[in-house]
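Within every chain, numbering begins at 1; the chains are lettered A, B, ... in the order of the sequence lines, protein sequences first and strands thereafter. These values consider heavy atoms only, across backbone and side chains, with no hydrogens, waters or symmetry-generated copies. For clarity, every value in this text was computed on a predicted model and none was experimentally measured.
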Amino acid sequence: MPVARPEPQEPRVIAHVDMDCFYAQVEQRRNPALRGQPTAVVQYNDWKGGGLIAVSYEARAFGVKRSMRGDEAKRVCPGINLVQVPVARGKADLSLYRSAGSEVVTILASKGKCERASIDEVYLDLTDAAKDMLLQAPPNSPDEIFMEAAKSNILGLPSNASEKEKNVRTWLCRVDAEYEDKLLACGAIIVAQLRGRVLEETQFTCSAGIAHNKMLAKLVSGMHKPAQQTVVPSSSVQDFLASLPVKKMKQLGGKLGSSLQDDLGVETIGDLLSFTEDKLQEQYGVNTGTWLWKIARGISGEEVEDRLLPKSHGCGKTFPGPKALKNSTYVKGWLDQLCEELSERIQSDLNQNKRIAQTLTLHARASKENERDSVKKFPSKSCPLRYGIGKIQDDAMKLFESGLHEFLESQSTGWSITSLSVTASKIFDIPSGTSSILRYIKGPSSAASLDLPASSSVPEDPSLDNHLNVTPIHGEQCEPSTSEKVDAKRYSANEGKKISKKLPEVKASHPRFLIL
DNA sequence: ACGGATCAGACA
DNA sequence: TTGTCTGAT
């Protein structure tokens with residue numbers, strides 16, 4: 001459920017930057033023959049030509065859409081180039097796109113707070129940069145960047161097609177503008193500059209929205225695509241929201257939005273204005289109620305987080321229909337593959353970013369045969385994460401077995417798994433520099449204390465994993481793998497509570513580690 | 001009999 | 001805190 005955040009007093013300048021059909025651009029950069037050609041990226045192509053996950057604008061012109069199948073795309077656009085997502089260990093491997101996304105983030109983070117919102121999107125807080133510009137070089141002259149910014153779309157600005165750019169130019173450097181609008185104008189110039197750098201340095205185009213909060217920036221970043229940006233002056237907010245279909249608002253694309261339509265007869269955000277805050281709270285609770293009341297008025301206090309890296313790493317695969325996994329041997333095989341990729345990714349995160357993941361979670365979907373609509377869910381399970389491919393594989397399998405027993409408790413003859421995933425989460429920075437903060441303790445086998453190699457290089461070779469295993473200290477009985485049988489209780493929440501009472505200091509912003 | 005693979009965040 | 005659920009891309 002959405003929650004309202006306290007609203008900052010000072011006007012902020014927030015941008016949402018969104019890469020245009022990102023995976024398609026990545027493939028077009030990789031293979032120049034695809035540039036300017038209708039192109040789509042598909043994953044797996046054995047069934048109906050695979051599923052489209054990105055469609056170039058050349059292909060969209062033919063009516064090709066995401067969520068089409070490769071076969072269908074070929075029908076509406078026979079000349080389309082279908083590029084497959086790389087496959088590794090029998091599953092789609094997105095690493096190519098992840099690293100391309102990192103290239104972009106690195107550039108976009110250079111002008112202020114930057115939050116990685118997804119593999120191809122960021123939010124920026126450009127308030128300080130915009131204020132600086134306003135003091136030192138307020139918009140006026142026709143330099144190059146300014147000319148780019150002049151191609152912005154200004155929401156609510158009357159645009160006589162022919163005079164549009166002139167209108168935008170005058171809007172951008174109005175001397176009599178409100179302070180807020182001047183800040184936005186500076187923001188637009190900064191974003192134009194950043195997008196220019198992204199294009200120069202990566203060859204990728206992106207679109208952006210510039211507004212006073214994240215909600216509005218996000219709403220308009222996709223309004224003019226590709227390779228364009230849109231500004232939302234305060235004066236245009238009410239009219240804009242008034243006619244905006246509720247389902248278009250972030251967080252209202254699902255059940256909550258449907259409930260607004262079905263239960264309250266709300267079709268547009270503007271319709272929300274006729275409800276009191278109390279009424280909305282009564283319907284949806286205090287948090288969601290006040291959130292709804294505020295977004296109807298264009299108010300959103302959500303801050304841009306300073307975070308360039310993901311908070312978790314997950315690997316998963318689905319096994320649709322006939323491909324469902326029907327015994328533990330198959331499950332083990334696929335789980336091993338997934339864990340191998342996961343291990344590789346967290347190992348890179350450790351080496352490159354000095355971050356350690358603390359929790360391993362297993363997720364599965366299952367169906368039971370022979371049972372009238374058995375919609376019982378397969379329970380997800382987690383445990384302390386121990387580094388090293390073999391350990392992760394062992395632990396993941398134990399988690400699966402634990403979940404499977406619970407799943408089958410009621411009864412049932414046959415089961416089959418239709419999706420599997422493993423996730424590493426609770427990722428902490430390793431405080432660098434003064435290693436005195438860190439307390440590394442050798443495991444039970446030997447009792448000396450130990451430091452991370454000062455060179456800061458951590459072995460990436462998986463074969464070395466055995467020598468360096470880092471585990472959060474409160475994962476005391478961190479091994480499901482030592483013993484022959486593992487009781488599901490071992491993973492229960494109670495254990496953790498006891499331990500954290502014993503060691504209250506682990507609640508600090510960084511964990512203490514055990515090296516086995 | 002799932003668009004698929006990932007992510008984030010709120011709630012109990 | 002774990003696990004569930006929602007929502008987004």
Side-chain angles (χ1 to χ4, degrees), chain A residues 1-5 16 18-19 21-23 41-44 47-54 65-70 72-73 85 87 91-95 97-98 101 115-121 218 221-222 247-259 285 287-288 291 302 305 307 309-324 338 341-342 345 358-363 365-367 369 377-384 399 402-403 406 416-427 474 488 491-501 506-507:
Chain A
M1 295 295 159
V3 173
R5 299 294 177 204
H16 179 257
D18 193 20
M19 303 307 294
C21 56
F22 189 46
Y23 294 7
V41 178
V42 298
Q43 50 189 4
Y44 311 121
W47 193 60
K48 302 191 173 187
L52 273 57
I53 56 177
K65 298 192 303 185
R66 263 192 323 260
S67 97
M68 269 183 170
R69 295 283 169 183
E72 209 178 342
V85 173
V87 171
K91 67 177 289 295
D93 176 10
L94 303 183
S95 59
Y97 313 114
R98 280 194 194 93
E115 173 183 332
R116 180 195 131 122
S118 79
I119 198 170
D120 73 336
E121 283 176 288
K218 165 79 177 171
S221 66
K247 291 285 213 171
K248 301 260 186 195
M249 175 71 64
K250 193 175 80 150
Q251 299 290 286
L252 297 184
K255 297 182 179 182
L256 181 54
S258 296
S259 167
N287 284 339
T288 303
W291 180 82
E302 203 186 334
E305 268 182 71
R307 180 175 56 76
L309 300 171
K311 289 183 167 180
S312 65
H313 300 288
C315 308
K317 178 167 176 59
T318 60
F319 307 93
K323 300 196 166 153
L338 294 172
E341 183 189 320
L342 184 64
R345 285 167 57 189
Q358 265 186 255
T359 304
L360 175 69
T361 304
L362 176 129
H363 239 295
R365 288 188 45 186
S367 62
E369 300 170 356
K377 308 233 157 167
F378 195 98
S380 59
K381 295 289 164 193
S382 47
C383 73
L399 292 175
S402 158
E406 193 174 317
S416 67
I417 297 300
T418 57
S419 95
L420 278 179
S421 77
V422 287
T423 301
S425 62
K426 312 241 174 84
I427 302 178
H474 54 292
Y491 300 110
S492 76
N494 278 347
E495 300 280 3
K497 278 187 181 174
K498 265 192 215 162
I499 289 166
S500 60
K501 278 191 178 179
V506 297
K507 291 211 164 241

Which listed nucleotide (C/dT2, C/dG7, C/dA8) is nearest to the side chain of A/K250?
C/dA8

Contacts of A/K91 that satisfy salt bridge (charged side-chain N to carboxylate O under 4.0 Å, His left out) - sequence neighbours left out:
A/E341

Atom-pair distance (CG on A/D18; P on C/dA8), nearest Å
14 Å

C/dA8, OP1 or OP2 - any side-chain N/O from A/K218 closer than 4.0 Å?
no

Could you check how far CD of A/Q251 sits from C1' of C/dC5, rounded to whole Å?
13 Å

Just checking A/R69: base, sugar-phosphate only, or nothing, at a heavy-atom cut-off of under 4.0 Å?
sugar-phosphate

Generate the contact string for nucleotides 5-12 of chain B. Rules: B means base contact, S means sugar-phosphate contact only, - means no protein heavy atom under 4.0 Å.
SSSSSSS-

Is the shortest side-chain N/O distance from A/K48 to OP1 or OP2 of B/dG3 below 4.0 Å?
no

How about A/D93 and A/V87: do any of their side-chain heavy atoms sit closer than 4.5 Å?
no

Sequence neighbours left out, what passes salt bridge (charged side-chain N to carboxylate O under 4.0 Å, His left out) with A/R98? Give chain and number order.
none

Below 4.0 angstrom from OP1 or OP2 of B/dA1, is there any side-chain N or O of A/S367?
no

Categorize A/L256 for me: base, sugar-phosphate, or nothing, with a 4.0 angstrom heavy-atom threshold over every strand shown.
sugar-phosphate

Answer yes when A/K218 and A/E121 have at least one side-chain N-carboxylate O distance shorter than 4.0 Å, and no when they do not.
yes

By side chain to side chain contact (heavy atoms under 4.5 Å, CB included), which residues pair with A/R5, not counting sequence neighbours?
A/V3

Where the side chain of A/D120 is defined as all heavy atoms beyond and including C-beta, which of C/dT4, C/dT2, C/dT9 is the nearest nucleotide?
C/dT9

In whole Å, I'd like the distance from the CG atom of A/L362 to the C1' atom of C/dT4.
15 Å

Rounding to an integer number of Å, can you tell me how far A/L252 CG sits from C/dT6 C1'?
12 Å

Spacing of A/K377 atom NZ relative to C/dT6 atom C1', expressed in whole Å:
11 Å

Specify the separation, in whole Å, of atom NZ of A/K381 and atom C1' of C/dT2.
9 Å

Pairwise C1' distance for C/dT1 and B/dG9, with rounding to whole Å
15 Å

Report the residues that fulfil side chain to side chain contact (heavy atoms under 4.5 Å, CB included) with A/Q43, sequence neighbours left out, ordered by chain and then residue number.
A/I53, A/V85, A/A92

Applying salt bridge (charged side-chain N to carboxylate O under 4.0 Å, His left out), name anything that partners A/K317, two or more places apart in sequence or on another chain.
none

Integer-rounded Å distance: B/dA1 C1' and A/K323 NZ
13 Å

For C/dT4, does OP1 or OP2 lie under 4.0 Å from any side-chain N or O of A/S380?
yes

Whole-Å distance between C/dT4 C1' and A/H363 NE2?
8 Å

